[in-house]
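Below is one structure, written out as structure tokens, with a few remarks after it.
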Amino acid sequence: MNIIAWLVLGLIAGALAKLIYPGHQGGGIFATIGLGILGAILGGYLGQLLLGSSGAAAASAGILSIPGIIFAVLGAMLLIFLWGLFTRQTA
């Protein structure tokens with residue numbers, strides 16, 4: 001059941017991050033889920049490191065809760081930003 005929770009959290013967080021973040025982000029459903037899962041891990045880790053928040057711990061553990069989703073979305077948005085920096089093409 002833990003894998004299903006990670007997939008659901010990844011889908012929710014990835015979709016919300018793509019919806020909130022300005023601009024166009026490519027990728028299909030699998031990229032969105034992967035983005036959300038990695039965002040949950042990153043957001044949870046940074047939240048625990050900087051804030052010591054239990055909501056951040058929920059995100060890094062893949063628990064479906066409001067604070068967990070918020071930290072996962074913030075982590076996914078950070079990943080979108082970093083991906084844009086690394087893949088930016090200069091003319």
Side-chain angles (χ1 to χ4, degrees):
M1 291 303 279
N2 198 17
I3 293 172
I4 294 172
W6 272 109
L7 291 175
V8 171
L9 177 64
L11 179 62
I12 292 170
L16 287 174
K18 284 186 172 185
L19 181 69
I20 295 169
Y21 197 83
H24 174 72
Q25 297 84 34
I29 188 76
F30 295 114
T32 302
I33 291 173
L35 173 72
I37 291 172
L38 291 175
I41 294 168
L42 178 65
Y45 174 74
L46 290 176
Q48 283 179 333
L49 185 69
L50 299 174
L51 304 174
S53 173
S54 62
S60 62
I63 297 172
L64 291 172
S65 65
I66 298 298
I69 291 172
I70 290 170
F71 279 102
V73 168
L74 291 174
M77 289 175 63
L78 179 62
L79 286 176
I80 291 172
F81 173 74
L82 292 174
W83 182 257
L85 285 179
F86 289 127
T87 60
R88 182 180 302 159
Q89 295 182 8
T90 58

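These numbers were taken from a predicted model, which means no experiment stands behind them.
Put simply, CG on L7 and CZ on F30 are 9.5 Å apart, with the number rounded to the nearest 0.5 Å.
For L50, the side chain to side chain contact (heavy atoms under 4.5 Å, CB included) test picks out no residue, with sequence neighbours left out.
Applying the side-chain hydrogen bond (donor to acceptor under 3.5 Å, both in side chains) test to residues at least two apart or on different chains, none of the pairs has a partner in residues 66-77.
The hydrophobic cluster containing L46 also contains L38, counting ILVMFWY residues as joined when their side-chain heavy atoms lie under 4.5 angstrom apart, directly or transitively.
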Validation: residues 8-22 side-chain donor-acceptor distances under 3.5 Å, sequence neighbours left out:
| residue | atom | partner | partner atom | Å |
| --- | --- | --- | --- | --- |
| K18 | NZ | G26 | O | 3.0 |
| K18 | NZ | T32 | OG1 | 3.0 |

Could you list the donor-acceptor pairs under 3.5 angstrom formed by side chains in residues 72-80, with sequence neighbours left out?
none

